[in-house]
Enquirer: 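Next up is a structure, given as structure tokens.
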Amino acid sequence: MSTAREIMTADATCVGEDESVAVAARKMAELNVGSLPICGTDNRLKGMLTDRDIVVKVLAAGRNPEQVRAGELGQGKPITIGADDDAEEILRTMGSHQVRRLPVIDGHDLVGIVAVADVARALPDKPVGALLDAISDS
């Protein structure tokens, strides 16, 4: 069975925890993505920032995106997957946490992102359909 390392998108671009949400939004637009990992000055993953976080927690709240730091929005321990974890573990983790993207960690280093689309390309239809059902219940 495929591992996260085999199916992930490597070289994930981070937004620094001290960078503004406005910088993060520009990076998302340039990369045509809806989320970015938040990385600390210690090169450790601090969380994930989504376009929805920016809209709901910053813009809708009337906050200035140039003044809000990405690290302020990375709450709690990030949900990750190990680089050598198999596709079944990826499916379990995505389903139980109802997430569509998982940062892939090797030790403490971020090495990539695995998305539902990556899993869909690597696995038969049935497990992917069950995952989509699980994450769509939110």
Side-chain angles (χ1 to χ4, degrees):
M1 182 165 282
S2 300
T3 65
R5 187 185 314 274
E6 294 168 337
I7 63 174
M8 71 183 187
T9 300
D11 301 325
T13 299
C14 285
V15 60
E17 67 182 331
D18 294 326
E19 289 185 278
S20 74
V21 171
V23 167
R26 286 191 289 275
K27 283 185 181 184
M28 286 180 189
E30 289 168 16
L31 297 168
N32 194 30
V33 297
S35 66
L36 289 173
I38 302 168
C39 295
T41 55
D42 59 358
N43 289 326
R44 293 208 173 180
L45 182 68
K46 303 298 181 184
M48 290 291 287
L49 178 67
T50 66
D51 48 8
R52 186 175 194 284
D53 291 333
I54 294 171
V55 171
V56 173
K57 297 175 182 175
V58 180
L59 299 177
R63 299 174 72 191
N64 182 341
E66 294 289 349
Q67 294 177 343
V68 177
R69 300 289 151 229
E72 292 177 46
L73 302 181
Q75 301 169 347
K77 185 176 188 247
I79 297 155
T80 63
I81 194 80
D84 296 318
D85 288 344
D86 65 25
E88 284 184 12
E89 182 61 26
I90 296 168
L91 289 171
R92 252 190 312 278
T93 303
M94 285 181 165
S96 66
H97 294 282
Q98 296 186 318
V99 296
R100 297 174 186 274
R101 289 169 206 83
L102 287 171
V104 181
I105 304 295
D106 189 359
H108 293 291
D109 297 327
L110 177 69
V111 294
I113 299 282
V114 65
V116 171
D118 299 321
V119 178
R121 283 189 291 272
L123 293 178
D125 293 341
K126 188 173 180 180
V128 175
L131 169 63
L132 290 174
D133 286 345
I135 62 178
S136 297
D137 286 345
S138 58

Enquirer: Which atom names give the shortest non-hydrogen contact between Gly82 and Ala4, and what distance separates them?
Expert: O-CB, 3.5 Å
Enquirer: Under the disulfide bond (SG atoms under 2.5 Å apart) rule, what pairs show up with a residue in residues 28-67, not counting sequence neighbours?
Expert: Cys14-Cys39
Enquirer: Taking salt bridge (Lys or Arg N to Asp or Glu O under 4.0 Å) as the test, write out the residues that go with Glu19, two or more places apart.
Expert: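 Salt bridge (Lys or Arg N to Asp or Glu O under 4.0 Å) list for Glu19, sorted by chain: Lys27.
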Enquirer: Rounded to the nearest 0.5 Å, how far apart are CD1 of Ile113 and CG of Asp11?
Expert: 11.5 Å
Enquirer: Please name all residues satisfying side-chain hydrogen bond (donor to acceptor under 3.5 Å, both in side chains) with Thr93, sequence neighbours left out, ordered by chain then number.
Expert: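 Thr93: side-chain hydrogen bond (donor to acceptor under 3.5 Å, both in side chains) contacts with Glu89.
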Enquirer: Got a second to check how far Asn64's CG is from Leu59's CG, nearest 0.5 Å?
Expert: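 If we round to the nearest 0.5 Å, Asn64:CG and Leu59:CG are 9.5 Å apart.
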Enquirer: Do you know which two heavy atoms are closest between Pro37 and Ala12, and how far apart they sit?
Expert: CG-CB, 4.3 Å
Enquirer: Holding to side chain to side chain contact (heavy atoms under 4.5 Å, CB included), I want the full list of residues that pass it with Val58, two or more places apart in sequence or in another chain.
Expert: Val21, Arg63, Pro65, Val68, Leu73
Enquirer: Applying side chain to side chain contact (heavy atoms under 4.5 Å, CB included), name anything that partners Asp18, two or more places apart in sequence or on another chain.
Expert: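 Per chain and number, Asp18 pairs via side chain to side chain contact (heavy atoms under 4.5 Å, CB included) with Thr41.
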Enquirer: Linking I/L/V/M/F/W/Y whenever their side-chain heavy atoms sit closer than 4.5 Å, directly or via other members, would Val23 and Ile38 fall into one cluster?
Expert: no
Enquirer: Got a second to check how far His108's NE2 is from Thr80's OG1, nearest 0.5 Å?
Expert: 10.5 Å
Enquirer: Applying salt bridge (Lys or Arg N to Asp or Glu O under 4.0 Å), can you list everything that pairs with Glu66, at least two apart in sequence or on another chain?
Expert: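 Residues passing salt bridge (Lys or Arg N to Asp or Glu O under 4.0 Å) with Glu66: Arg26.
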Enquirer: Tell me every residue that passes side-chain hydrogen bond (donor to acceptor under 3.5 Å, both in side chains) with Ser35, counting only those two or more places apart in sequence or in another chain.
Expert: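 Partners of Ser35 by the side-chain hydrogen bond (donor to acceptor under 3.5 Å, both in side chains) criterion come out as none, since no residue qualifies.
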Enquirer: Could you work out the complete set of other residues in the hydrophobic cluster of Ile105, with links drawn between I, L, V, M, F, W and Y side chains under 4.5 Å apart?
Expert: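 The other cluster members (ILVMFWY side chains, heavy atoms under 4.5 Å, direct or chained) are Leu45, Leu110.
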Enquirer: Rounded to the nearest 0.5 Å, how far apart are OG1 of Thr50 and NZ of Lys57?
Expert: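 So the OG1 of Thr50 and the NZ of Lys57 are separated by 7.0 Å.
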Enquirer: Please report the shortest heavy-atom distance between Pro103 and Met48, naming the atom on each side.
Expert: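 Looks like CG-SD, 3.6 Å.
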Enquirer: Less than 4.5 Å apart, side chain to side chain, heavy atoms only: is that true for Val114 and Ile81?
Expert: yes
Enquirer: How would you list, by chain and number, every residue that makes a side-chain hydrogen bond (donor to acceptor under 3.5 Å, both in side chains) with Asp42, sequence neighbours excluded?
Expert: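 Per chain and number, Asp42 pairs via side-chain hydrogen bond (donor to acceptor under 3.5 Å, both in side chains) with Lys46.
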Enquirer: Please name all residues satisfying side chain to side chain contact (heavy atoms under 4.5 Å, CB included) with Asn32, sequence neighbours left out, ordered by chain then number.
Expert: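 Partners of Asn32 by the side chain to side chain contact (heavy atoms under 4.5 Å, CB included) criterion come out as none, since no residue qualifies.
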Enquirer: So, does Gln98 use its side chain to make a donor-acceptor pair with the main chain of Gly95 at under 3.5 Å?
Expert: no
Enquirer: Going by the rule side chain to side chain contact (heavy atoms under 4.5 Å, CB included), which residues pair with Arg5 if we only count those two or more places apart in sequence or in a different chain?
Expert: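 Result, side chain to side chain contact (heavy atoms under 4.5 Å, CB included) vs Arg5: Thr3, Met8, Ala83, Asp84, Asp106.
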Enquirer: For residues Val119 and Ile7, determine if any side-chain heavy atom of one lies less than 4.5 Å from a side-chain heavy atom of the other.
Expert: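 Yes. Closest side-chain heavy atoms under 4.5 Å.
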Enquirer: Would you give the length of the straight line joining atom OG1 of Thr9 to atom CZ of Arg101, rounded to the nearest 0.5 angstrom?
Expert: 10.5 Å
Enquirer: Give a yes or no on whether Val56 and Leu49 share a hydrophobic cluster (residues Ile, Leu, Val, Met, Phe, Trp, Tyr; joining criterion: side-chain heavy atoms under 4.5 Å apart).
Expert: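 Each belongs to a different hydrophobic cluster.
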Enquirer: Mind checking the CE-CG spacing from Met28 to Asp51? Nearest 0.5 Å is all I need.
Expert: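 Between Met28 CE and Asp51 CG, I get 6.0 Å after rounding to 0.5 Å.
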Enquirer: What residues, two or more places apart in sequence or in another chain, satisfy salt bridge (Lys or Arg N to Asp or Glu O under 4.0 Å) together with Asp118?
Expert: Arg121
